[in-house]
Protein chains: 2
Amino acid sequence: MLKVAQDSKESGSTSSALIQALEDDILHNVLKPGDRLDEQALAKRFEVSRTPVREALRHLASSGLVEIRRNQGAMVRRLTTTELIEMFQVMAELEGLCARLCARRMSEEELAEMRKHNTVCEERAAAGDHDGFFDANTDFHETIYTGARSTYLQDEVRKLRNRVNVYRRHITFQPRRMTRTVAEHWKIVKAIEAGEEDDAHQFMREHVDLLAGSAADVLLTLEAKNSS
Amino acid sequence: MLKVAQDSKESGSTSSALIQALEDDILHNVLKPGDRLDEQALAKRFEVSRTPVREALRHLASSGLVEIRRNQGAMVRRLTTTELIEMFQVMAELEGLCARLCARRMSEEELAEMRKHNTVCEERAAAGDHDGFFDANTDFHETIYTGARSTYLQDEVRKLRNRVNVYRRHITFQPRRMTRTVAEHWKIVKAIEAGEEDDAHQFMREHVDLLAGSAADVLLTLEAKNSS
DNA sequence: TTCTGTGGGATTGTATGCAATTTTTGATCT
DNA sequence: AGATCAAAAATTGCATACAATCCCACAGAA
């Protein structure tokens with residue numbers, strides 16, 4: 001599932017394919033925060049002219065993944081600790097809303113799928129499989145986005161999740177984080193199943209808010225390392 | 001404060017000026033939802049080539065104001081009733097978070113300013129001054145965005161508010177809406193002053209949620225008219 | 001040695017030209 | 001008259017060329 005973009009022969013309609021490829025590279029940390037994105041270099045690499053590259057960069061810029069400074073080119077956006085915390089706070093609120101809507105709207109099938117995903121989380125956590133846990137966890141949250149049945153909300157949450165994902169991946173590597181996450185998930189599942197929308201909202205908000213703290217720790221650690 | 005972009009001699013660095021000008025035109029309803037945005041026409045109107053126009057359109061597209069379909073050009077995005085409701089719901093959540101943070105963080109000066117803005121709202125409502133009320137109301141909410149002291153949150157809320165503003169303006173024209181709004185504002189003010197963050201959050205969410213309902217009514221009315 | 005100013009190189013911003021796709025128009029057939 | 005298909009016109013997508021701006025190195029002076 002985690003397929004990194006192939007450099008050569010990236011086919012499909014150039015422009016949107018480019019955006020996708022670059023986004024993937026950033027999200028999967030092939031292009032790291034702070035990396036400079038040279039238009040000519042990218043043009044040569046993808047075998048297109050600078051025009052579509054520019055358009056792709058502009059697009060990524062307004063989605064927040066890259067930063068463009070006038071006459072100074074583009075670079076992969078590097079988030080400050082403060083920004084990351086702020087984002088998690090917003091994400092907590094938005095995922096809380098998702099959970100609330102799920103409590104109102106989820107079908108039996110969706111509920112079953114949600115439970116299943118958290119069961120997988122539980123298994124992988126027990127096995128100490130961090131990468132597997134990360135994916136199962138993603139699936140769990142993804143189910144909740146879909147279950148909210150609000151296209152706008154879904155899109156916004158996904159966009160936000162993408163932006164913090166680079167840093168987020170590190171968090172699951174923290175000790176005891178996985179088992180705690182699973183427990184929090186079950187609380188949320190129970191609230192949604194019971195149709196307790198206020199609880200669902202609150203539990204989810206707290207769940208994501210906790211990540212914010214961990215994320216801040218992780219980032220501060222990274223910053224300390226990079227300040228060499 | 002509400003200055004519409006001048007057509008002729010739009011100076012400043014072309015590209016960002018273009019984006020601003022187009023955005024203003026859309027936000028102030030000079031360019032109406034559904035209007036086609038012809039690249040050449042815009043290029044001629046702003047006396048630049050198609051390239052910067054294209055970039056501006058792409059930018060507006062990814063901020064959601066315009067819609068681009070492959071090989072079919074750009075048009076001002078027309079929101080469906082469903083989308084508008086979904087947006088208000090998210091906005092309610094986000095403004096709720098703002099209010100919560102205000103309850104924690106606002107300075108005395110900011111509190112005073114907030115009260116002042118709502119007093120102005122009250123006066124204009126009493127005077128039946130709809131446009132004036134709209135502006136004062138904007139100021140009130142703006143104060144709360146700033147008071148939250150979260151740049152990311154501020155930006156997101158403003159972006160969202162911009163997108164729904166075109167439709168929002170109609171709402172204050174509804175009978176009794178203004179006086180109710182003022183009362184709701186006072187409740188929020190009181191909660192923030194008291195540092196009751198949960199109340200502040202909830203009251204603000206309800207306040208904006210009510211708008212969602214009104215917005216839906218307005219939009220459905222508009223759609224009925226346009227279906228001729 | 002350090003600071004400042006100038007020049008060259010590199011990179012971004014804009015203009016224009018050509019290819020590809022879509023839409024419109026008009027002619028023909030039913 | 002209405003429908004269908006084809007060709008032309010218009011519009012978008014991409015490539016390339018040129019202009020403007022910025023960065024960096026190097027030289028000269030304090």
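Note that the coordinates shown come from a computational prediction; the quantities given were computed from them, not determined experimentally. In what follows, chains carry the letters A, B, and so on, assigned in the order in which the sequence lines appear, proteins first and then strands, with residues in each chain numbered from 1.
- Of the residues near DNA chain C, B:Gln72 and B:Pro52, the one whose nearest nucleotide (by heavy atom distance) lies more toward the 5' end is B:Pro52.
- Of the candidate nucleotides D:dC22, D:dA15, D:dT11, D:dC22 has the atom lying nearest to any side-chain atom of A:Asn71.
- In this structure, the CD atom of A:Glu39 is 9 Å from the C1' atom of C:dG13, given to the nearest Å.
- Annotation for B:Gly34 and B:Arg78: closest pair CA-NH2, 3.7 Å, computed over non-hydrogen atoms.
- The separation between B:Glu55 atom CD and D:dT12 atom C1' is 15 Å, rounded to whole Å.
- A salt bridge links B:Arg45 to B:Asp25: one of the charged nitrogens lies within less than 4.0 Å of a carboxylate oxygen.
- No salt bridge links A:Glu156 with B:Lys159; every basic N to acidic carboxylate O contact stays at or beyond 4.0 Å.
- Between B:Arg69 and C:dT21 there is no side-chain polar atom (N or O) within less than 4.0 angstrom of OP1 or OP2.
- When the C1' atom of D:dC14 is taken as reference, atom CG of A:Leu57 falls 16 Å away, rounded to whole Å.
- Under the 4.0 Å criterion applied to side-chain N and carboxylate O atoms, B:Arg158 and B:Glu142 are assigned as salt-bridge partners.
- Atom CD1 in B:Ile68 sits roughly 10 Å away from atom C1' in D:dT12 (whole-Å rounding).
- In this structure, A:Phe46 atom CZ and D:dC14 atom P are separated by 14 Å, rounded to whole Å.
- In this structure, the nucleotide among C:dT12, D:dA15, C:dA15 sitting nearest to the side chain of B:Ser49 is C:dA15.
- Comparing C:dT21, D:dT11, C:dT11 by their nearest atom to the side chain of B:Asp38 picks out D:dT11.
- For the pair B:Arg50 CZ and C:dA15 P, the computed distance is 12 Å after rounding to whole Å.
- The side chain of A:Arg54 contributes an N or O atom lying less than 4.0 Å from OP1 or OP2 of C:dG13.
- One atom, CZ of B:Arg36, and another, C1' of D:dT12, lie 9 Å apart when rounded to the nearest Å.
- Atom NZ in A:Lys44 sits about 15 Å away from atom P in D:dA15, given to the nearest Å.
- Counting only distance, with no hydrogens or angles, the side chain of A:Glu86 and the backbone of B:Tyr152 share a donor-acceptor pair below 3.5 Å.
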